[in-house]
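Note that the coordinates shown come from a computational prediction; the quantities given were computed from them, not determined experimentally.
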Amino acid sequence: MVSFWGGDIEEVKNKVEYTGWLIGIGIFGFIDGIASIFFSLFLRLPAILYGIALSLSLVTLLDTYLLLGIFLLLSSVLFLTVRKEVTYLMYTGMFAILCIYRTIILPHFAPSQPTFPEQLVLIQSYSFTFISWLIFGYLIYKYFNLKTEFRKYEKPYGHKREKVESEDVPYYYKVLGVSKDATQEEIKRAYYRLVRIYHPDVSADPEARRKFEEIRKAYEVLSDPEKRAKYDKFEHAYRSGRY
């Protein structure tokens with residue numbers, strides 16, 4: 001996406017760099033997901049193929065584990081490849097679900113005298129319970145350290161900004177990435193979003209200070225209804241410094 005400043009706003013390729021621990025956590029989730037899927041299919045398919053009746057508790061355990069394994073596998077792949085805030089939170093949420101399932105739900109519904117197939121599922125689940133809690137806690141802790149980095153690499157407005165850049169709108173509206181008929185609330189949200197990205201204290205852009213000043217000036221004018229009305233009529237005077 002090309003900005004009004006003539007350069008790329010943060011490209012998608014600028015992913016947050018993960019430490020070795022985060023990469024290891026992503027790989028663990030990938031393996032855990034495959035193991036959960038394998039256990040579910042390994043115990044369920046022979047029963048389906050040969051018409052063996054399974055207990056309701058075992059069917060419930062296997063179906064739940066299959067779904068958890070699929071979602072964990074997909075979220076781990078996104079976590080390792082995309083490396084954006086939404087995929088990080090998705091992966092963290094999956095471990096929250098796993099922790100709740102393995103610590104609270106599974107012991108409650110597990111049979112008192114499990115059969116051999118049920119024992120395999122329970123052993124596989126209980127063996128990862130403590131690790132799941134450690135990973136969940138670490139992901140929460142690490143998120144607050146990475147939060148600024150995630151914000152830095154976000155595209156400010158996606159398709160909305162592309163639409164604005166294709167329209168013939170005054171300069172200050174382009175600076176904030178809003179249309180000429182934007183509401184005060186939209187202007188305010190746009191301003192605070194851009195400030196989080198281009199503030200000199202957090203942005204890696206060498207021209208962050210100049211861009212930040214342009215954002216501040218644009219908001220100062222457009223957030224005031226009287227100044228905005230004058231700007232809409234006399235844009236060129238504002239650009240030349242007469243206002």
Side-chain angles (χ1 to χ4, degrees), residues 1-23 79 81-90 92 138-232 234-243:
M1 179 189 299
V2 180
S3 73
F4 60 91
W5 286 300
D8 291 339
I9 294 180
E10 312 298 343
E11 294 287 350
V12 176
K13 65 182 180 181
N14 290 332
K15 301 174 184 177
V16 173
E17 292 296 328
Y18 283 172
T19 63
W21 278 107
L22 287 177
I23 294 175
F79 176 81
T81 56
V82 179
R83 299 188 183 183
K84 305 296 285 186
E85 183 176 15
V86 64
T87 55
Y88 189 99
L89 292 175
M90 182 190 304
T92 304
Y138 183 79
L139 288 171
I140 292 294
Y141 162 76
K142 196 66 178 177
Y143 172 72
F144 292 100
N145 293 337
L146 293 174
K147 196 172 182 180
T148 301
E149 296 297 315
F150 284 131
R151 297 286 188 268
K152 187 189 301 182
Y153 293 124
E154 283 183 347
K155 288 185 177 182
Y157 290 99
H159 68 280
K160 292 183 179 179
R161 187 170 186 87
E162 291 170 359
K163 180 180 178 182
V164 168
E165 289 175 353
S166 65
E167 296 174 349
D168 183 18
V169 296
Y171 182 73
Y172 279 172
Y173 291 93
K174 288 185 179 181
V175 168
L176 295 182
V178 298
S179 60
K180 192 174 180 180
D181 58 352
T183 64
Q184 286 296 315
E185 183 62 28
E186 289 174 332
I187 290 173
K188 184 178 181 180
R189 286 200 304 266
Y191 170 71
Y192 284 112
R193 186 177 178 88
L194 289 171
V195 163
R196 288 198 301 267
I197 295 174
Y198 291 106
H199 194 286
D201 291 341
V202 299
S203 177
D205 192 328
E207 295 188 356
R209 188 171 298 279
R210 177 181 66 82
K211 294 176 181 180
F212 179 77
E213 285 301 316
E214 286 187 333
I215 293 167
R216 187 188 60 78
K217 290 178 183 177
Y219 179 70
E220 181 181 341
V221 171
L222 300 184
S223 63
D224 186 312
E226 185 176 344
K227 290 182 180 180
R228 182 178 180 181
K230 289 182 180 179
Y231 176 75
D232 290 342
F234 309 109
E235 180 200 358
H236 296 294
Y238 271 91
R239 295 291 300 279
S240 62
R242 289 167 56 189
Y243 281 96

Does atom CZ of R216 have more than 12 heavy-atom neighbours from other groups under 6.0 Å away?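 Counting other residues, nucleotides and ligands, CZ of R216 exceeds 12 neighbours.
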Which heavy-atom pair separates [X] from [Y] by the least distance, and what is that distance?
X: Y18; Y: Y88; result: OH-CD1, 3.8 Å
X: A190; Y: L176; result: CB-O, 3.4 Å
X: P200; Y: A208; result: CA-CB, 4.3 Å

Side-chain donor-acceptor contact under 3.5 Å, Y173 with R228: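 Side-chain D/A pair, Y173 to R228: present.
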[atom1]-[atom2] distance between [X] and [Y], expressed to the nearest 0.5 angstrom:
X: L89; Y: I140; atom1: CG; atom2: CD1; result: 8.0 Å
X: K227; Y: D232; atom1: NZ; atom2: CG; result: 14.0 Å
X: E220; Y: Y191; atom1: CD; atom2: OH; result: 9.5 Å
X: M90; Y: K84; atom1: CE; atom2: NZ; result: 13.5 Å
X: L222; Y: Q184; atom1: CG; atom2: CD; result: 8.0 Å
X: Y143; Y: T92; atom1: OH; atom2: OG1; result: 9.0 Å

Short side-chain to backbone donor-acceptor contact, E186 and T183, under 3.5 Å: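 A pair under 3.5 Å: yes.
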Between Y172 (side chain) and E214 (backbone), is there a donor-acceptor pair under 3.5 Å?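 The answer is no, because no donor-acceptor pair under 3.5 Å joins these two groups.
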How about [X] and [Y]: do any of their side-chain heavy atoms sit closer than 4.5 Å?
X: T87; Y: T81; answer: no
X: K188; Y: Y219; answer: yes
X: K211; Y: L194; answer: no
X: F212; Y: D201; answer: no

